[in-house]
Amino acid sequence: AIGWGHEARSRASTDANIDSSRSHAILQVCLRKGGPEGKNVGKLSFIDLAGSERASDTGRNPDRTRRLEAAEINKSLLALKECIRALAEG
């Protein structure tokens, strides 16, 4: 399952990173007591966020699609930051 998820991720090369992830990924592992049908006792979440890039890092002449993609990634990271801030403030 992990290999399938890794292969399904969107990646592209930029001047900043030769293998830049262009999508977010979440892997959740549920811990259960008593087997698969048992009581949930915990959950581990591993989160890999798409790269945040300045426009100047995407290349000397980034095409429109690349610029829009970088803007969408940065917008989603900003939304995540605001969610974390709201949770921290209670």
Side-chain angles (χ1 to χ4, degrees):
I2 294 173
W4 175 81
H6 179 70
E7 290 303 315
R9 292 194 73 187
S10 176
R11 295 182 297 275
S13 177
T14 67
D15 283 356
N17 185 348
I18 196 163
D19 191 27
S20 180
S21 61
R22 312 313 294 161
S23 60
H24 306 312
I26 299 173
L27 169 66
Q28 291 187 317
V29 178
C30 295
L31 305 173
R32 293 192 174 115
K33 186 175 182 178
E37 302 300 320
K39 177 183 176 187
N40 284 338
V41 294
K43 186 188 298 185
L44 296 172
S45 297
F46 300 90
I47 302 169
D48 182 17
L49 301 175
S52 173
E53 297 171 348
R54 296 182 306 259
S56 62
D57 290 339
T58 60
R60 289 189 188 97
N61 295 309
D63 62 16
R64 185 178 196 293
T65 302
R66 180 69 54 88
R67 286 193 317 269
L68 290 174
E69 180 183 68
E72 287 300 314
I73 289 171
N74 289 339
K75 188 166 60 172
S76 69
L77 291 172
L78 177 61
L80 177 62
K81 180 189 87 167
E82 294 303 320
C83 291
I84 292 170
R85 178 179 289 156
L87 288 171
E89 292 175 355

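Fair warning: this is a prediction, and the values are worked out from it, not measured in the lab. We number each residue from 1, following the sequence as shown.
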*Please name all residues satisfying side-chain contact (heavy atoms from CB on, under 4.5 Å) with Leu80, sequence neighbours left out, ordered by chain then number.*
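So Leu80 forms a side-chain contact (heavy atoms from CB on, under 4.5 Å) with Leu49, Ile84.
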_Residues that Lys75 engages under side-chain contact (heavy atoms from CB on, under 4.5 Å), provided they are two or more places apart_ =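 Glu72.
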Side-chain polar contacts of residues 29-43 - donor-acceptor pairs under 3.5 angstrom, sequence neighbours left out - could you list them?
{"residue": "Arg32", "atom": "NE", "partner": "Asn40", "partner atom": "OD1", "Å": "2.7"}
{"residue": "Arg32", "atom": "NH1", "partner": "Pro36", "partner atom": "O", "Å": "3.4"}

